[in-house]
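Single-structure report; data block below.
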Amino acid sequence: MKLFSATNIKKSFGDNTVLQDISIDIEKGEVVSIIGPSGSGKTTFLRCAAMLETPDSGRLVYDGVCGFDDTLQISKSDLRTAKSKFGMVFQSFNLFPHFSVLRNLIDAPCCVQKRSKEELAAEALELLGKMGLAGKEHFYPCELSGGQQQRVAIARALMCSPEILFFDEPTSALDPELTLEILKVIRALAAEHMTMVIVTHELEFAKEVSDRIIFMADGVIVEEGNAKKLIDEPENERTRAFISGFRK
């Protein structure tokens, strides 16, 4: 079952063409990692997929609901429904510093879904327990380690029960030990068949946790395929050069 589809996505900033013509389909329960050199368009694509940037042209569909097409004829109802289908986890956490951990988790679903704070608090505490953060609900982000903050960010993204999670370099701001904490959480989500799209520079992790890997360079998809095969036996010379250079 196709859960997310991006078709012919193009994006430029002034004279700089960042995405030339990107088309990606994501199946329900699939984990897809996007790798590539800096400046290849990975994060810009993810930001377009999460509706944080508006593509210049193309089409974005979430579980059968169109969230963007270049005719701009999307109803507000469809746009709301499309946005409810996904959650986003940022490399810099993006927690509200003046909110407690608990309020960071319940604020959005309380405002958007109009659910009671009591019901949401119970769900949040259960989710924090699963994330290894029991007892941290009244802490503020500045009182947590980077790994704990990122786990709070993942829990916050899960609070609205999204169909798909987008991760933008979720470990790039963390040291190696804290990186392992986050990779463990993502592994657990994969084991639960959570649909995920992960922009990452962790090649071995991408190979281990992903069903499929997409290699991007210069705003285009150069190669995509089975995760293990693409990392161990890339077919494209550009992909081979990137992976070889990364492993030196």
Side-chain angles (χ1 to χ4, degrees), residues 1 3-4 26 28-31 46-47 49-52 60 62-65 67 74-168 170-171 173-174 178 180-198 209:
M1 174 184 171
L3 194 56
F4 170 72
I26 307 295
K28 185 175 178 61
E30 188 176 29
V31 180
L46 204 66
R47 289 180 62 81
M51 299 189 190
L52 299 172
L60 297 167
Y62 307 80
D63 196 17
V65 179
I74 308 300
S75 70
K76 289 184 178 179
S77 174
D78 279 356
L79 191 59
R80 269 195 311 272
T81 301
K83 287 183 175 181
S84 74
K85 300 290 184 179
F86 61 82
M88 180 78 174
V89 180
F90 302 87
Q91 58 181 307
S92 54
F93 322 137
N94 282 25
L95 299 174
F96 294 111
H98 56 295
F99 285 0
S100 67
V101 166
L102 183 61
R103 190 173 174 190
N104 263 284
L105 264 63
I106 70 173
D107 194 63
C110 184
C111 294
V112 175
Q113 298 176 343
K114 309 302 182 186
R115 296 168 60 197
S116 73
K117 290 183 178 179
E118 292 76 15
E119 178 188 5
L120 288 168
E123 288 185 17
L125 292 175
E126 182 179 353
L127 195 50
L128 288 171
K130 289 181 178 179
M131 293 284 170
L133 294 167
K136 300 293 186 182
E137 62 271 17
H138 298 304
F139 282 55
Y140 284 81
C142 65
E143 300 175 297
L144 304 176
S145 69
Q148 289 172 329
Q149 289 184 61
Q150 192 61 294
R151 279 182 278 157
V152 171
I154 294 170
R156 180 180 63 179
L158 290 168
M159 277 296 295
C160 290
S161 302
E163 295 289 328
I164 184 169
L165 279 183
F166 296 125
F167 290 85
D168 182 20
T171 62
L174 305 176
L178 298 180
L180 292 177
E181 289 183 19
I182 302 309
L183 299 186
K184 181 179 178 181
V185 170
I186 295 175
R187 281 190 194 95
L189 290 171
E192 295 173 1
H193 307 292
M194 183 74 204
T195 309
M196 294 182 279
V197 179
I198 307 167
V209 78

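Nearest heavy-atom pair across V209 and A190 is CG2-CB, 3.6 Å. Across all their heavy atoms, L120 and P109 have their closest contact at CD2-CB, 3.7 Å. For the pair S145 and L178, the tightest heavy-atom approach, listed with the atom from each and the gap, is OG-CD2, 4.3 Å. Between M159 and A124 the shortest heavy-atom distance is SD-CA, 3.8 Å. L165 approaches A157 most closely through the heavy-atom pair CD2-CB, 3.7 Å. Considering all non-hydrogen atoms of both residues, A155 and L105 come closest at CB-CD2, 3.9 Å.
To the nearest 0.5 angstrom, Q150 atom CD is 8.0 Å from L95 atom CG. To the nearest 0.5 Å, atoms CZ (F86) and CG (L46) are separated by 10.0 Å. Interatomic distance, CD of Q149 versus CG of L133, reported as 11.0 Å (0.5 Å rounding). To the nearest 0.5 Å, atom CD1 of residue I106 and atom SG of residue C160 are 11.5 Å apart. Separation of atoms CD (E126) and NZ (K130) is listed at 5.0 Å; rounding is to 0.5 Å. Taking CZ of R156 as the start and CZ of R103 as the end, the distance is 13.0 Å to the nearest 0.5 Å.
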Tell me, with the steps shown, if E163 and K28 meet salt bridge (charged side-chain N to carboxylate O under 4.0 Å, His left out).
CA-CA 8 Å; E163 295 289 328; K28 185 175 178 61; 3.3 Å; yes
Under the criterion side-chain contact (heavy atoms from CB on, under 4.5 Å), I'd like the reasoning laid out for F93 against L144: C-alpha separation, chi angles, the key distance, then a yes or no. CA-CA 12 Å; F93 322 137; L144 304 176; over 6 Å; no
Between I182 and I154, does the side-chain contact (heavy atoms from CB on, under 4.5 Å) criterion hold? Intermediate values first, please. CA-CA 9 Å; I182 302 309; I154 294 170; 4.1 Å; yes
- Go through K136 and L128 one step at a time and tell me if the side-chain contact (heavy atoms from CB on, under 4.5 Å) criterion holds. CA-CA 8 Å; K136 300 293 186 182; L128 288 171; 5.9 Å; no
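Two residues are said to be in side-chain contact when any heavy atoms from C-beta on lie closer than 4.5 Å; P162 and M88 fail this criterion. Using a 4.5 Å heavy-atom cutoff, the side chains of V152 and P141 are not in contact. When side chains are defined from C-beta on, Q148 does not count as touching V101, because their heavy atoms never get closer than 4.5 Å. Between L52 and F90 there is a side-chain heavy-atom pair separated by less than 4.5 Å. In this structure the side chain of T171 never reaches within 4.5 angstrom of the side chain of I186, judged on heavy atoms.
A donor-acceptor distance shorter than 3.5 angstrom exists from the side chain of N104 to the backbone of F96, with no hydrogens or angles considered.
Ring pair F4/Y62 is tilted by interplanar angle, where 30° to 60° counts as tilted.
More than 12 heavy atoms of other residues, nucleotides or ligands lie within 6.0 Å of CZ in F99, so this atom counts as buried by the packing criterion.
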